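In this chain, residues are counted from 1 in sequence order. Small disclaimer: the values here were computed from a predicted structure and weren't measured.
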Amino acid sequence: MEYRMTHFMRRISIMLSSVAMIGLAYPAHADALREKQTEACKGDALRLCALAIPNEKKITKCMERKQDQLSPKCRAFFKKGSKTPQAHKPKSK
């Protein structure tokens with residue numbers, strides 16, 4: 001009986017550790033994606049939406065409205081229905 005309980009607890013511990021590792025990896029991926037978007041869109045944001053800076057929500061909305069004027073690399077982050085990453089949506093505070 002004690003062996004089963006120890007085995008069960010070990011399995012639960014491993015499972016929880018796996019879930020925690022996945023949770024830790026996601027923010028790193030999100031940060032990397034955000035860096036790529038910033039690199040691709042910084043010039044467009046300055047050129048097309050300078051009045052919206054530093055408000056991320058306003059910048060995003062401005063760039064969504066002006067998608068046809070975005071550089072190809074930046075536009076890829078705003079295309080709907082594509083397999084490319086979508087534009088960063090800032091966390092609401």
Requested in this report: Would you check if Lys66 and Phe78 make a side-chain contact, meaning some heavy-atom pair closer than 4.5 Å?
Outcome: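 The answer is no, as the side chains (C-beta and beyond) never meet within the 4.5 Å cut-off.
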Query raised in the report: Tell me, do Lys61 and Arg65 make a side-chain contact under 4.5 Å, heavy atoms counted?
Result: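 Yes - at least one pair of side-chain heavy atoms lies under 4.5 Å apart.
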Query - Rounded distance (nearest 0.5 Å) linking atom NZ of Lys79 with atom SG of Cys74 - result: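 These two atoms lie 11.5 Å from each other.
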Query raised in the report: Rounded to the nearest 0.5 Å, how far apart are CG of Leu70 and CD of Glu64?
Result: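 Between Leu70 CG and Glu64 CD, I get 10.0 Å after rounding to 0.5 Å.
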Donor-acceptor pairs under 3.5 Å, side chain of residues 43-50 to any protein atom, not counting sequence neighbours: which ones?
residue: Asp44; atom: OD1; partner: Arg47; partner atom: NH2; Å: 2.7
residue: Asp44; atom: OD2; partner: Ser71; partner atom: N; Å: 2.9
residue: Asp44; atom: OD2; partner: Ser71; partner atom: OG; Å: 2.8
residue: Arg47; atom: NH2; partner: Gln69; partner atom: O; Å: 3.1

Query - Glu39/Arg34 salt bridge by N-O under 4.0 Å criterion - result: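 The answer is no: the pair does not qualify as a salt bridge.
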Report task. Could you list the residues that satisfy side-chain contact (heavy atoms from CB on, under 4.5 Å) with Lys36, not counting sequence neighbours? Result ->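 Lys36 satisfies side-chain contact (heavy atoms from CB on, under 4.5 Å) with Phe77 once adjacent residues are dropped.
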